[in-house]
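Naming convention: chains lettered A, B, ... in sequence-line order (proteins, then strands); numbering from 1 in each chain. Only this structure's heavy atoms are used, side chains among them; waters, hydrogens and symmetry mates stay out.
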Amino acid sequence: MATDVTTPRERAAGSNIYESPPRWRALASVSHKSVAKRFVVTGFVFFVLGGIEALLLRVQLMQPEFDFLSADQYNQIFTLHGSTMMFLFAVPVIEGMANYLIPLQIGARDLPFPRFNAFNYWAYLLAGTLIYSSILFDAVPDAGWFAYTPLSGPVYSSGIRMDFWLTGVTLAEISAIGAAVEFIASILKTRAPGMSLNRMPILAWSMLVTSVMLVMAFTPLVVGSLLLESDRLFGTTFFDDELGGSQLLWQHFFWIFGHPEVYVMFLPAAGMVSHIVQTFSGRPLVGYTFVVAAILAVGFLSMGLWVHHMFTVGLSDAAIGFFSAASLTIAIPNGIQVFAWVATLWSGRPRFQAPLLFSIAFMLIFVIGGITGVMVAVAPFDWQAHDTYFLVAHFHYVLIGGVVFPLMGAVYYWFPKVTGRMMSDRVGMVSCALAFVGFNVTFFPMHWTGLLGMPRRVYTYLEGTGWEGLNLWSSLGAFVLATGFALTLLNAIASYRNGEPAGANPWGADTLEWSIPSPAPAENFARQPVVTSRHPLWTLPEGEPAARPVDAQAEEESPSGVAGDVDASEAVAVVPARWRNTLGTGLLDARPLEVVHLSRPTFVPIVPAVGLAVLGIAAITKSLLVALVGLVLLLGGVVAWVVVNERERSEAVEDVPEAAPVRLNVSGPGGVGWWGLVLSLLILGVVLSSVVFSYYYLSFQNESWPPLLQDGYPPPVLLPTVAVVLVLLSLVPLHLARRRSREDPSADIGGTVAIALLLGFLAVLLDLLTWTVLVDFGPRTDAYTSAFFAVAVSVLAVAVLALAGVVLLAVATRVRRLHPRRDYLLRNFLSLWYFFVIVSVVAYLVLHLIPEVTS
Amino acid sequence: MSRPAHPPQLTERPARLTAELFGLLGPPSAWMATLLVSYVTTDLMCDAEVGDTPTRIVLAAVSVLALAVVVGSAMTAASVRRRETGEDPVAPVGGRRKLLATVGLLLSWVFGLAIVMTLLSALFAEPC
């Protein structure tokens with residue numbers, strides 16, 4: 001089977017511009033493969049740290065009343081263990097692997113926003129560094145990885161321990177959400193020509209759904225963390241019951257994130273297993289359509305399960321019933337995936353090598369975790385098992401079984417593609433056997449310790465409880481499990497140096513990453529392939545590449561007859577070789593639409609990431625000066641980033657001829673940049689929705705609203721009404737500018753844009769005047785005033801963003817008239833302004849008009 | 001060579017795309033709306049002490065409405081799928097339409113069942 005779709009000369013030509021800088025300057029690399037390797041290596045370092053912490057916990061619980069760790073040390077270590085495994089290992093490693101694999105599987109040269117991708121890594125690294133640096137200050141977080149209030153609030157965690165946790169976790173979440181934007185835009189808009197949705201690899205479907213879940217579920221936790229930090233730092237009262245706040249608000253925020261988080265880790269891992277199972281069975285996955293439906297169903301259902309973590313907080317029977325029903329339903333799509341894997345193995349000719357063994361171990365363990373999941377979805381059982389070791393057993397079966405075992409299998413499977421060398425299969429089999437036995441010896445007894453009543457999160461237990469023997473088994477098993485996983489890590493290190501050289505496709509697999517040499521060349525595909533099958537490397541006869549260079553495109557890929565349709569061969573023929581690029585294609589059927597400019601290596605993304613970390617340090621040290629430094633680094637970094645990007649794109653714009661069938665950076669929904677912007681606005685929308693949710697949740701939880709405030713309610717309505725009218729009026733000049741620019745690309749629209757800017761600026765001034773001078777309360781009075789200012793600050797943040805965007809646009813049009821092929825600038829800023837208008841109207845309704853009408 | 005100013009962005013007519021999206025995303029959206037509306041409605045109506053029976057009637061109405069949306073989505077997906085009969089399942093356009101329509105039909109079953117279970121909770125559990 002010929003697998004290389006590129007010629008050596010083409011590869012050599014491509015390598016010049018796609019190679020990462022040498023030596024220490026490699027840190028400036030923004031290539032998806034470099035960033036991916038950083039994510040994976042850093043993630044596994046944290047995995048080792050989290051594993052060591054787990055072993056320390058198991059030593060402490062090995063016998064009753066043991067004093068290996070004090071209660072305080074135990075709390076610190078179990079908080080670090082949970083936080084490390086959830087925030088610093090599982091999600092980042094999955095993101096790292098997807099970072100490497102997704103562009104290769106969909107036939108792209110890189111992710112569409114390489115600098116943003118690098119920024120996400122630096123933010124993640126700094127998040128982990130921040131959390132672990134707490135060890136140096138004897139301030140390790142100790143309120144659990146769930147950080148329940150009031151334990152994590154200012155009263156019961158008065159030091160700086162939880163500040164480390166909150167700032168570190170927030171930074172890690174920002175990184176994860178950023179990566180999600182990359183994956184969604186990449187999978188939807190940069191698939192190789194011909195890769196219509198029905199030809200997409202299962203891992204791409206998994207990552208697409210997972211990334212949407214990341215945006216929808218992780219963003220509320222960022223908001224929750226900021227509100228909790230605000231309680232700790234500024235004395236607001238979101239989680240203070242005595243002042244109208246609510247402890248349960250935190251639980252809602254945490255579990256709206258926490259439950260989808262499980263599937264954020266599981267779905268990509270299951271996607272990897274789908275590839276391993278079909279490759280090692282030597283046949284296509286049985287029930288591709290069913291598996292795609294299952295992935296989508298799990299994605300949606302997982303967003304509606306969070307309340308099953310709160311069955312014991314005092315909900316009505318009906319409310320419990322709604323969430324119990326949803327929790328039971330999710331077993332169906334998960335079961336479909338398991339049946340698909342079993343059917344594929346059953347109907348194929350399985351080769352029992354290390355990747356498949358880890359996948360089979362995953363299936364066995366995950367099914368047990370799924371069954372205990374159904375048990376705890378039944379509320380009466382959950383009331384008995386809640387906060388016992390039964391839950392610890394259940395979620396480790398789901399998380400280690402459902403995530404770590406597949407990841408280990410994936411390491412064996414894709415290691416040759418990344419390094420060009422094979423890992424030892426024999427060591428892999430021993431590793432899998434040890435891990436499987438060790439895992440079950442560790443966690444199966446915990447079902448019993450839980451049913452016998454042993455609570456979780458306790459540092460010791462009394463003799464005579466009947467838990468002693470079971471705990472001893474769990475502790476011994478943990479060391480066997482650790483040995484199993486350590487063997488794989490050692491195998492990887494040894495194989496990286498001395499492993500057998502791997503060919504392009506050592507497993508005889510079907511997806512595009514196996515069509516190029518191992519390790520993958522810098523440019524991935526010197527000429528991007530055209531896909532004609534769901535299994536590109538399996539379909540065509542021996543000797544003929546299934547994924548062909550684009551200019552060899554076949555007749556069956558001819559345009560559909562839609563006016564202006566472009567065929568792939570013409571599209572790629574115009575792509576220049578002097579700057580990095582990849583093809584942008586249509587969302588549904590992957591028809592070529594644009595040439596996406598990919599940015600060059602630079603250190604710039606490190607600056608805003610450091611700025612965010614310094615802002616975190618400011619929250620920990622409560623220093624205004626440090627906060628100012630952080631803000632300067634953040635804003636300065638962003639401005640430098642925009643300037644460098646636009647300079648590079650200005651150089652590139654002339655390289656794509658006017659009459660070319662595809663253009664550089666198409667504006668509007670056809671362009672990947674527009675999708676990046678819309679996804680960013682979606683994130684901001686989720687932020688604002690979460691803040692408004694807090695406002696109304698707190699109002700429903702209190703018998704009177706405001707709970708304590710005596711005077712000043714409702715707040716003034718006159719000036720905010722004028723402000724919202726001004727904001728709406730600002731749409732008129734922006735629309736005029738858009739129309740003029742469309743009719744005459746060389747028209748000067750700076751003046752018209754400036755009018756919109758002035759109207760927006762006046763509106764913000766009026767709102768500021770109302771919120772700082774005219775209202776009779778501050779944010780600390782009660783839950784109402786805290787929620788009021790949270791909404792106000794969110795609107796101001798969006799306003800600053802929108803105004804800064806329009807200023808930038810006005811300057812760009814004044815200094816250099818907008819190039820007709822860079823009108824994406826105007827369209828993107830217009831979208832941002834629309835969002836600002838919507839946010840202003842919502843805030844006006846929530847803060848001023850509805851209170852005025854209802855009071 | 002004359003080219004349009006902007007390449008086309010989708011290969012579907014808006015009406016057809018809307019039908020495909022409704023067939024695909026209608027069932028999960030209906031379920032999500034049912035879950036959230038039922039949860040909030042229970043809280044509000046119980047706080048207002050309107051009684052169990054009126055609360056049950058409202059909750060049942062929400063679920064029945066959502067089931068109607070699911071049935072509508074399923075019929076739309078079935079219609080899209082029927083039109084593509086005979087297409088190669090991995091052909092670029094017809095295959096994609098057929099895949100999304102089949103996935104929509106499967107989602108209709110899963111989320112229809114989830115809504116029925118929500119309805120049963122509303123009818124048989126104490127709302128307040």
Which atoms of B/L24 are under 4.5 Å from chain A, going by heavy atoms: the side chain, the backbone, both sets, or neither? side chain
Can you tell me how far apart OG (A/S206) and CG (A/L296) are? Round to the nearest 0.5 Å. 10.0 Å
Can you tell me which portion of A/Y288 sits under 4.5 Å from chain B's heavy atoms? Options are side chain, backbone, both or neither. side chain
Are B/E20 and B/R81 close enough for a salt bridge, meaning some N to O gap below 4.0 Å? no
Can you check whether A/A294's main-chain N or O pairs, donor with acceptor, with A/Q337's side chain at less than 3.5 Å? no
Using non-hydrogen atoms and a 4.5 Å limit, figure out which bit of B/L36 sits close to chain A: side chain, backbone, both or neither. side chain
Would you say the ring centers of A/F311 and A/F323 fall short of 6.0 Å from each other? no
Less than 4.5 Å to any heavy atom of chain A: does that hold for the side chain of B/L105, its backbone, both, or neither? neither
Is there a side-chain contact between A/L197 and A/R191 in this structure, where contact means two heavy atoms from C-beta onward sitting under 4.5 Å apart? yes
For chain B, which residues from residues 696-704 of chain A lie under 4.5 Å away (heavy-atom distances)? A/F700, A/Q701
Please classify the contact between A/I320 and chain B as side chain, backbone, both or neither, with a heavy-atom cut-off of under 4.5 Å. neither
Against chain B, label A/L301 side chain, backbone, both or neither, depending on which of its atoms sit under 4.5 Å from a heavy atom there. both
Top contributor to chain B contacts, counting heavy-atom pairs under 4.5 Å, from A/G304, A/S324, A/A326: A/G304
For the backbone of A/G673 and the side chain of A/K189, can you confirm whether one donor and one acceptor N or O come within less than 3.5 Å of each other? no
Can you tell which part of B/F111 gets under 4.5 Å to a heavy atom of chain A, answering side chain, backbone, both or neither? side chain
Count the heavy-atom pairs under 4.5 Å between each of A/A590, A/G299, A/P333, A/A318 and chain B, then report the option with the highest count. A/A318
Point-to-point distance, once rounded to the nearest 0.5 Å, from CZ of B/R97 to CZ of B/R83: 8.0 Å
Keeping B/R56 on the side-chain end and B/A125 on the backbone end, is there a donor-acceptor pair under 3.5 Å? yes
Side chain, backbone, both or neither: which part of B/T118 has an atom under 4.5 Å from a heavy atom of chain A? both
I'd like to verify something: which residue of A/I330, A/T329, A/T585 has the highest number of heavy-atom pairs under 4.5 Å with chain B? A/T329
Residue part contacting chain B, namely of A/M195, when any heavy atom lies under 4.5 Å: neither
Mind checking what makes side chain to side chain donor-acceptor pair (under 3.5 Å) contact with A/N334, not counting sequence neighbours? none
Could you measure the distance from the CG atom of B/L99 to the OG1 atom of A/T289? Nearest 0.5 Å is fine. 5.0 Å
In this structure, are over 12 heavy atoms from other groups packed under 6.0 Å from A/F339 atom CZ? no
Chain A heavy atoms under 4.5 Å from B/L123: which part of the residue, side chain, backbone, both or neither? neither
Would a distance-only check, ignoring hydrogens and angles, find a side-chain to backbone donor-acceptor pair under 3.5 Å from A/R591 to A/G194? no
Would you call the rings of A/H252 and B/Y39 parallel, tilted or perpendicular, where under 30° means parallel and over 60° means perpendicular? tilted
Toward chain A, the part of B/L100 with a non-hydrogen atom under 4.5 Å: side chain
